[in-house]
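FYI, side chains are in, hydrogens and waters are out, and symmetry mates aren't considered; it's all heavy atoms of this structure. Predicted, not measured: the structure shown is a model, and the values here were computed from it.
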Amino acid sequence: MGFTHFLAQTDAVGKALLAVLLLMSLVSWYLIVTKALAGWIGRGAPFSRLERSALAARERGDEAVRRALEVALLEETVRRESGLTALASVGSTAPFVGLFGTVWGVYHALVAIGVSGQGTLDRIAGPVGEALIMTALGLAVAIPAVLAYNGFVRANRVALARLDAFAQGL
């Protein structure tokens, strides 16, 4: 009994759900690592981009500078928010994918027990316990995605407020 036994006993739907959870995990960890590195490495870059935009537009007047800064702030917002929808989606759907896998596994375990005609505790506990692995995997995929999403949203809010203040000063 255990994860390897679960993999050997599960059907195509269970394996597909496991593959979906693995893909969701890979996508979320890729986004977490790349966004964290980009945020850490490029801390001063947004301020430089704003300044360059303002300097490039200053010869066309104050209104052109204001528009250039608005565009630069909008581009920075889009840059910072890229990938957050995927993290939010993984965080909100992975538990349900895992729960579906659990329900599917419990159903098949109960059908197998019903066919065998032996409904003893030892025949029920193992397969049902193995089916619960899918719920645990769904939570293991969702929790880092949700924590990262919340952290990135907060960091973006703070950084964009600082950029807005910097743009007002320019």
Side-chain angles (χ1 to χ4, degrees), residues 1-46 49 72-164:
M1 297 290 170
F3 188 71
T4 54
H5 187 259
F6 168 74
L7 285 177
Q9 298 301 320
T10 192
D11 62 355
V13 172
K15 288 178 181 161
L17 291 172
L18 191 58
V20 166
L21 286 173
L22 179 63
L23 179 65
M24 292 170 101
S25 181
L26 290 173
V27 166
S28 66
W29 278 108
Y30 170 79
L31 289 170
I32 290 167
V33 170
T34 57
K35 289 192 79 55
L37 285 175
W40 183 70
I41 291 170
R43 287 175 288 195
R49 285 191 288 269
L73 281 170
L74 181 61
E75 289 171 352
E76 186 60 30
T77 300
V78 169
R79 185 178 297 110
R80 289 179 163 276
E81 289 180 355
S82 69
L84 291 183
T85 302
L87 278 177
S89 296
V90 167
S92 64
T93 59
F96 295 110
V97 173
L99 182 60
F100 180 63
T102 296
V103 169
W104 190 260
V106 168
Y107 168 74
H108 284 287
L110 292 176
V111 166
I113 290 166
V115 168
S116 73
Q118 298 177 354
T120 61
L121 185 58
D122 61 328
R123 300 273 305 164
I124 295 172
V128 170
E130 288 175 356
L132 289 173
I133 290 172
M134 291 296 277
T135 297
L137 291 175
L139 291 173
V141 170
I143 290 170
V146 169
L147 291 174
Y149 172 82
N150 289 335
F152 289 136
V153 166
R154 170 139 177 28
N156 288 351
R157 189 173 48 244
V158 169
L160 290 171
R162 288 183 179 149
L163 283 173
D164 190 46

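Rounded to the nearest 0.5 angstrom, Thr93 OG1 and Leu99 CG are separated by 12.5 Å. A distance of 11.5 Å separates CG of Leu18 from CG of Leu23, quoted to the nearest 0.5 Å. Here CZ of Arg162 is found 11.0 Å from CG of Leu160. Values are rounded to the nearest 0.5 Å. Annotation: the span from Glu76 atom CD to Asn156 atom CG amounts to 8.5 Å, rounded to 0.5 Å. The distance from the CG atom of Leu17 to the CG atom of Leu22 is 12.5 Å, given to the nearest 0.5 Å.
Judged by distance alone, with hydrogens and angles left aside, the side-chain atoms of Ser89 form a donor-acceptor pair with the main-chain N or O of Thr85 at under 3.5 Å. Judged purely by atom type and a 3.5 angstrom limit, Lys35 has no side-chain atom pairing as donor or acceptor with the backbone of Tyr149. Between the side chain of Thr102 and the backbone N or O of Ala131 there is at least one donor-acceptor pair closer than 3.5 Å. Between the side chain of Arg80 and the backbone N or O of Thr77, no donor-acceptor pair lies under 3.5 Å.
Residue Val20 comes nearest to Val97 through the heavy atom pair CG1-CG1, 4.3 Å, listed as atom of the first residue, atom of the second, then distance. Shortest non-hydrogen contact noted between Leu87 and Ala145 is O-CB, 3.7 Å. Scanning both residues, Gly42 and Pro46, for their nearest heavy atoms gives O-CD, 3.2 Å. Closest heavy-atom contact between Phe152 and Ile32: CZ-O, 3.6 Å. Of all heavy-atom pairs spanning Pro144 and Trp29, the tightest one is CB-CZ2, 3.6 Å.
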* Please report the C-alpha distance between Val90 and Leu31 in whole Å, then the side-chain angles of each, then the deciding distance to 0.1 Å, and finally whether the side-chain contact (heavy atoms from CB on, under 4.5 Å) criterion is met. => CA-CA 11 Å; Val90 167; Leu31 289 170; over 6 Å; no

* To do: Take Met134 and Thr10 through the side-chain contact (heavy atoms from CB on, under 4.5 Å) test and state the conclusion after the steps.
  => CA-CA 11 Å; Met134 291 296 277; Thr10 192; over 6 Å; no

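More than 12 heavy atoms of other residues, nucleotides or ligands shown are found within 6.0 angstrom of CZ on Arg79.
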